[in-house]
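Labels below follow one simple rule: chain letters A, B, ... track the order of the sequence lines, proteins then strands, and each chain is numbered from 1.
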Amino acid sequence: MATLLTRGSFFMLPARYALPAQLERALRYAPACALTAIVAQGVLTRDHRPFISFGNDQLWALLGAAIVFVKSRNMLLTIAIGMTVFTVLRLWA
Amino acid sequence: MNWHGPGMMVGMSRLPAPIARHARGLLPPIDHVAYREGVKAMTPLAVAIAVWGVVTGVAIVNAGLPIGAALLMTFTVFAGSAQLAVMPLLATGVPLPIVWVTALLVNLRFVIFAAASRRSFMHLPWRQRLLASYLNGDLGFALFSRRFADSALDEAAQQGNPEQWGYFYGVAVVNWAVWQAGSVAGFLIGGLMPTDWGFELAAYIALLALLIPMVQRMPAIAGVVGTATVAVLTVGWPMRLGLLLAVLVGVTIALLGEAWRDGRVSQS
């Protein structure tokens, strides 16, 4: 539903409707913010509490993955290295 | 001939001849040379799409979604990032309206895609537009707009033509088939993997990789930092409502940052 509603939005609307410029600017930032909110709640919290500490293995793995992605732009390599960092930390601690 | 219901802007009588002939089917007229060109353009990307489908599939099944529901989701939703994003929410029993709004927010970029490429599809019958809407993914949009960027000023291209539709469907069919094959393979592999390996982290890493190219400039970076802060602080809120507040705060910060930057540029 949400897919069709957004992808179909301006395909389905009659020609006279256009996107207001201000709204278009806001829409540009919404996806990035939504993804950020999900990743932040997934990785930086535990049991419904903020969890930002040296003991957060997922945080280190995510930081490592971010560096790899910025350097390489390679999604697979990024996931592989991120998961490796996480697994090593998890088994080590 | 009034099959398309009332209220349509485009009446049959005003349709150009080649469209009128195809008006009853689900597909617009397609130029086969352009179709093959679209398939060819998409083929190098197919490996990446398939692997991405497998990762999404594994992550979804590992989050505890039954395979039947996962299959239903991938064929109806057909949006990798939205599927990945709502997966942790579904797994923790967040109310469906919140899940739905989240998927909507992640998918909002398609509103921009649709607004940008609508000219080529606007004059087609509504069933053909609906199918095209469903198939219009990120990579497809990127390829399509690059391929037809020069013809934006061309009068004939403004109305859409079989060459554009052919290319669009060539790209879209490869994208759809490869993605679904990858996802289904992922569901099957994911069911065999132990859940305590923390594979859901792979989904967060994948989302991060989607995210990074979106935040290359200052307003977006500021917005994303604001969002993350609010999201973490409000994680204890009921029904994950903090998620929505975080997005609102982030978008507002980004817009303010944009206005501030533009103000500085015009002063100097």
Picking from B/Thr252, B/Leu211, B/Ile253, which has the most non-hydrogen pairs under 4.5 angstrom with chain A? B/Leu211

Looking only at A/Ala65, A/Gly82, A/Ala32, most heavy-atom pairs under 4.5 Å shared with chain B are made by A/Ala32

Those residues of residues 216-226 of chain B that come under 4.5 Å of chain A on a heavy-atom basis, listed by number, are B/Gln216, B/Pro219, B/Ala220, B/Gly223, B/Val224

Min side-chain heavy-atom separation A/Gln58-A/Phe51 under 4.5 Å: no

Applying side chain to side chain contact (heavy atoms under 4.5 Å, CB included), can you list everything that pairs with B/Val235, at least two apart in sequence or on another chain? A/Gln41, A/Thr45, A/Pro50

Using the side chain to side chain contact (heavy atoms under 4.5 Å, CB included) criterion, which residues pair with A/Ala34? Sequence neighbours excluded. B/Leu105, B/Val106, B/Val247

Is chain A contacted by the side chain of B/Val232, its backbone, both, or neither, given a heavy-atom distance below 4.5 Å? both

Residues forming a side chain to side chain contact (heavy atoms under 4.5 Å, CB included) with A/Trp60, sequence neighbours excluded: A/Phe54, A/Leu63, A/Leu89

Verify side-chain contact (heavy atoms from CB on, under 4.5 Å) between A/Ile38 and B/Tyr204, making sure each step is shown before the conclusion. CA-CA 8 Å; A/Ile38 289 156; B/Tyr204 292 127; 4.2 Å; yes

I would like to know whether A/Val43 and B/Leu201 meet side-chain contact (heavy atoms from CB on, under 4.5 Å); could you show each step before the answer? CA-CA 8 Å; A/Val43 172; B/Leu201 181 65; 4.3 Å; yes

Within-4.5 Å side-chain heavy-atom neighbours: A/Leu44 and A/Val39: no

